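Here is the structure we will look at, set down as structure tokens.
Owing to the predicted nature of the structure, the values given are computational and were not obtained by experimental measurement. What's counted below: heavy atoms across the whole structure, side chains too, no hydrogens, waters or symmetry copies.
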Amino acid sequence: RFRTNDVGGGEVRVDLGNPLAPTRPLSITIGPNGTGSGEMWLHNGTAGDHGALAPACGPLSGVDGAVLPADVEIDPPKIDNLHSRSSRGFAITLTIDPATAPGTYRGIVQVQGAEPVWMPLELVVPSVSS
């Protein structure tokens, strides 16, 4: 299941039993204060519990390859167990310099403990209207 909303961020659900990347990234729009957030949901649809999981975000870069300095907070940073037939959400909050040039920056969130699981992340810095 993939769902986004128009304000700020959205939500992506990734199935641990079928770890193909979503067809679209989790898209987070940065607000005027330099922050934005969204949610990643890990789903365990199997009959067995899954051990510790820790999502981590790699560098975000623009189309020119320049890395965007960003503070990425994932809450919770780790879970010890994902029970069978259950889901767990992770809030992803990004903070950047409010003076960052408008554009789209992309990166990947990977999940330690479920190495084939990954999710594209897209950070949108909108143009400031005069």
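Smallest separation of non-hydrogen atoms from G36 and I28: C-CG2, 3.4 Å. Here the closest heavy-atom approach between residue V67 and residue P59 is recorded as CG1-CB, 4.0 Å. Between K78 and A52, the shortest heavy-atom distance links the atoms CE-CB, 3.8 Å. Smallest separation of non-hydrogen atoms from W41 and E39: NE1-OE1, 2.9 Å. Nearest heavy-atom pair, T46 versus S84, reported as atom, atom and distance to 0.1 Å: O-CB, 3.2 Å. Of all heavy-atom pairs between L53 and A114, the closest is CD2-CB, 3.8 Å.
Considering only heavy atoms from C-beta on, V63 stays 4.5 Å or farther from T104 through its side chain. Looking at T29 and P126, their side chains come closer than 4.5 Å, going by heavy atoms from C-beta outward.
Once rounded to the nearest 0.5 Å, the distance linking CG of N44 with CG of N81 reads 8.5 Å. The distance from the NE2 atom of H50 to the CG atom of D80 is 13.0 Å, given to the nearest 0.5 Å. Between the OG1 atom of T95 and the CD1 atom of I30 there is a distance of 7.0 Å, given to the nearest 0.5 Å. Note that CE of M119 and SG of C57 are 7.5 Å apart. Values are rounded to the nearest 0.5 Å. Taken to the nearest 0.5 Å, the CG atom of L68 stands 12.5 Å off from the CZ atom of R106. The structure places OH of Y105 at 12.5 Å from CG of L94, a figure rounded to the nearest 0.5 Å.
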Evaluation steps, side-chain contact (heavy atoms from CB on, under 4.5 Å), between L60 and L121: CA-CA 8 Å; L60 298 162; L121 179 65; 4.0 Å; yes
Check against side-chain contact (heavy atoms from CB on, under 4.5 Å), I96 and L123: CA-CA 10 Å; I96 64 170; L123 177 67; 4.1 Å; yes
